[in-house]
Amino acid sequence: MNSGNQHFDSLVEAGNPVGEVVAVDKFLVQVHGLQPCNVHALVMFEDGSKGFVHQVHEDHVVILHLGSQTLRVGIVAVIQHQELVCKVGKDFIGRVVSVMGEPLDGKGPIAADAVWPVFNTAPPLYTRKLLDTQLESGVTAIDALFPVLRGQRMALLGDGKSGKSTLVTQLTINQKNTDQIVVYVLIAKRRSDVDTLLTRLQENGGLEKAIVVVSTMFESLIMSYIAPYVGVAMAEYLWQQLAQDTIIIYDDLTSHAHAYREVSLMSGVSPGRDSYPGDMFFAHSSLLERAGRLDSNGAHLTSLPVVNAAGGDITAYLPTNIMSITDGQWILDMDIFRGGVRPALNIGLSVTRVGGVGHNKRQKALAAQTLKLLADYRQAEEFSHFGSELALEAKRALQTGKYIFEMLTQSPSDTYSFMAQQLMLDIILNLGDGESLDISDLKLNIAEYAAKVTSDELYDQIRDQLKAAALVKLKGASTSHEEPADKPAELPGDKVADKILSKTESKEKDKEKAAAK
């Protein structure tokens with residue numbers, strides 16, 4: 001047979017199973033023959049395009065076509081490989097690639113080290129090792145309150161435009177300061193979203209230690225369906241073969257589920273809950289379970305799936321599926337986002353099931369103290385609605401809560417080390433009566449002071465120096481209790497707290513006047 005495609009002809013001459021296309025429905029292709037073959041076997045068509053086996057029937061197989069051009073009935077197909085594989089290698093680091101592994105950044109071809117099964121099985125339990133190392137995200141609200149360990153699976157849930165992509169981009173950028181590589185998978189995104197992400201990574205140096213796998217909504221649904229599997233295959237090669245600590249981000253699995261639902265419905269699969277196929281849970285669990293820590297080389301693969309919870313409903317089918325697979329979740333709240341806090345982390349609903357293992361004694365103590373203080377802050381806020389005079393402790397909780405929210409608010413380009421986070425929290429939580437802080441000044445100098453803490457013996461001394469600098473600057477700027485000129489946007493509770501404090505002060509003044517009369 002001479003098709004004009006040398007690779008195709010060589011596969012046929014080698015005796016690989018062949019078949020004839022008998023029906024085409026968009027990306028669904030029915031082929032008569034091809035037996036024996038496996039589900040997910042890689043198939044090459046006569047025109048050079050490829051696909052993989054989706055269903056195997058008695059007299060035909062259903063193939064999902066990966067090409068952009070519609071196939072015609074009558075052309076020949078041949079089995080190229082008994083499983084779907086993709087190109088992998090260390091040279092992919094720092095590059096932007098398509099789902100097929102082709103470069104999209106104009107930096108020339110990429111030399112692959114090997115091929116890797118796209119639908120690989122997760123490492124068995126006996127090959128794994130316990131997790132104990134905290135992953136440094138650079139985001140204070142996460143590292144201090146809801147930490148994630150290297151090798152953990154942590155879901156990120158929230159409504160559309162609540163800052164999910166911005167948060168994982170921050171985490172990606174921070175890895176330029178660590179020994180980790182990030183595989184960032186974009187699933188069925190708009191081109192504008194892709195451009196925004198790539199620009200942000202390039203400007204902050206995050207792209208140098210990342211592999212970005214791109215699938216857009218204008219490509220085939222099949223590309224969106226296999227994109228996360230291709231991404232984790234690239235990450236697995238770095239993790240298992242090169243002993244490289246790796247993070248994989250799926251942005252987002254809601255788009256992936258929508259693509260898979262459409263593919264399944266067109267394939268004739270019976271719909272289940274919300275019209276998703278019955279194996280929807282397996283499709284995501286088989287993906288997320290490919291993370292962990294290997295006993296053989298001690299390396300970690302951390303999995304961070306992003307899920308869109310429409311209207312903030314985390315009890316819907318997909319969010320509950322993902323939460324039951326992962327080891328914790330960060331939940332972003334739209335109301336908190338509108339209030340100006342970034343990231344808009346819902347402290348009441350977010351949880352990490354194993355992340356606390358990576359915290360040292362100081363971090364654990366500060367986290368417990370912070371969570372208790374924020375609970376007191378919310379309680380004082382509730383009491384304020386009754387208009388009664390607040391106790392001194394409640395007023396202090398309101399003021400300290402304002403400082404904490406201001407400190408937890410970070411722009412996408414700001415990241416802080418573990419030591420910087422501990423110093424800031426320690427100073428705010430242990431303020432004396434009548435002491436005021438300039439949080440913006442504290443953040444400005446924190447990196448310089450944190451770098452000086454080279455041992456535990458120096459910690460208290462550096463903390464006191466930093467606190468004194470922040471206090472002195474504010475007192476020197478004004479003798480009154482006015483807010484600093486560069487005060488950031490008001491945070492949730494600021495207006496309420498200010499009203500309560502002003503009401504309390506006015507009541508005290510009225511009492512003093514009455515006593516004087």
Side-chain angles (χ1 to χ4, degrees), residues 139-142 144-145 163 332-333 335-348 350 366-411 414 416 420-446 463 466-467 469-475 477-478 480-508:
V139 182
T140 307
I142 286 175
L145 303 179
L332 301 186
D333 191 293
D335 291 334
I336 297 173
F337 182 86
R338 293 189 189 102
V341 177
R342 306 286 189 279
L345 200 65
N346 188 314
I347 293 171
S350 301
L366 288 172
Q369 199 177 347
T370 303
L371 291 171
K372 182 181 183 305
L373 187 280
L374 291 177
D376 292 342
Y377 170 77
R378 294 301 184 196
Q379 192 175 31
E381 216 177 9
E382 289 295 324
F383 280 131
S384 70
H385 297 303
F386 296 107
S388 59
E389 186 175 334
L390 289 177
L392 187 62
E393 287 184 7
K395 286 198 287 184
R396 185 183 299 148
L398 278 170
Q399 184 61 50
T400 309
K402 284 174 64 178
Y403 284 147
I404 287 179
F405 276 120
E406 190 176 340
M407 188 270 293
L408 292 179
T409 301
Q410 290 179 229
S411 69
D414 290 341
Y416 300 103
Q421 296 166 9
Q422 292 171 50
L423 285 169
M424 288 192 292
L425 277 174
D426 203 345
I427 290 170
I428 293 172
L429 292 170
N430 295 293
L431 279 176
D433 291 338
E435 291 183 331
S436 298
L437 273 179
D438 183 351
I439 300 297
S440 59
D441 184 58
L442 186 67
K443 288 183 174 182
L444 195 63
N445 298 320
I446 189 63
R463 178 199 60 201
L466 178 61
K467 179 179 177 181
L471 290 171
V472 167
K473 182 172 183 181
L474 186 63
K475 289 177 180 177
S478 173
S480 66
H481 293 289
E482 294 175 0
E483 294 289 341
D486 55 348
K487 181 184 175 184
E490 289 191 324
L491 304 174
D494 280 7
K495 292 180 180 178
V496 176
D498 289 341
K499 287 178 182 177
I500 297 164
L501 293 172
S502 61
K503 281 181 183 178
T504 307
E505 289 171 1
S506 63
K507 284 182 180 178
E508 289 174 354

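All values derive from a computational prediction rather than experimental measurement.
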> If you round to the nearest 0.5 Å, how far is CG of D438 from NZ of K443?
Replying inline: 11.0 Å
> side-chain contact (heavy atoms from CB on, under 4.5 Å) between I404 and Y377: does it pass, once the steps are laid out?
Replying inline: CA-CA 10 Å; I404 287 179; Y377 170 77; over 6 Å; no
> Do I428 and I439 pass the side-chain contact (heavy atoms from CB on, under 4.5 Å) test, and can you show the C-alpha distance, the side-chain angles, and the key distance before you say yes or no?
Replying inline: CA-CA 9 Å; I428 293 172; I439 300 297; 3.9 Å; yes
>> Within this structure, what is the CZ-CG distance for the pair R378 and L398, rounded to the nearest 0.5 Å?
In response: 10.5 Å
Scan the side chains in residues 368-376 for donor-acceptor partners under 3.5 Å anywhere in the protein, sequence neighbours excluded, and list what turns up.
residue, atom, partner, partner atom, Å
T370, OG1, L366, O, 2.7
K372, NZ, D376, OD2, 3.2

> With sequence neighbours left out, what residues match D426 under side chain to side chain donor-acceptor pair (under 3.5 Å)?
Replying inline: N430, Y459, R463
>> Any side-chain to backbone donor/acceptor pair from Q410 onto T140? Under 3.5 Å, distance only.
In response: yes
> Do I347 and I336 have side-chain heavy atoms sitting under 4.5 Å apart?
Replying inline: no
>> Which heavy atom of Q421 sits nearest to which heavy atom of Y416, and what is that distance?
In response: NE2-O, 3.0 Å
>> On a heavy-atom basis, which atom in A144 and which in A367 lie closest, and how many Å separate them?
In response: O-CB, 3.2 Å
>> How close do L437 and Y403 get, counting heavy atoms only, and between which atoms?
In response: N-OH, 3.2 Å
> A420 and I446: which non-hydrogen atoms are nearest, and at how many Å?
Replying inline: CB-CG1, 3.5 Å
> Could you walk me through whether L332 and N346 pass the side-chain contact (heavy atoms from CB on, under 4.5 Å) check?
Replying inline: CA-CA 6 Å; L332 301 186; N346 188 314; over 6 Å; no
> Measuring from I427:CD1 to L466:CG, what's the distance to the nearest 0.5 Å?
Replying inline: 3.5 Å
> Minimum heavy-atom separation for V139 to P343, with atom names?
Replying inline: CG1-CG, 3.7 Å
>> Show, in sequence, the C-alpha distance, side-chain angles and deciding distance for R396 and D433, and conclude whether the side-chain contact (heavy atoms from CB on, under 4.5 Å) test is met.
In response: CA-CA 8 Å; R396 185 183 299 148; D433 291 338; 2.5 Å; yes
>> Please report the interatomic distance CG(L408) to CG(L345), rounded to the nearest 0.5 Å.
In response: 9.0 Å
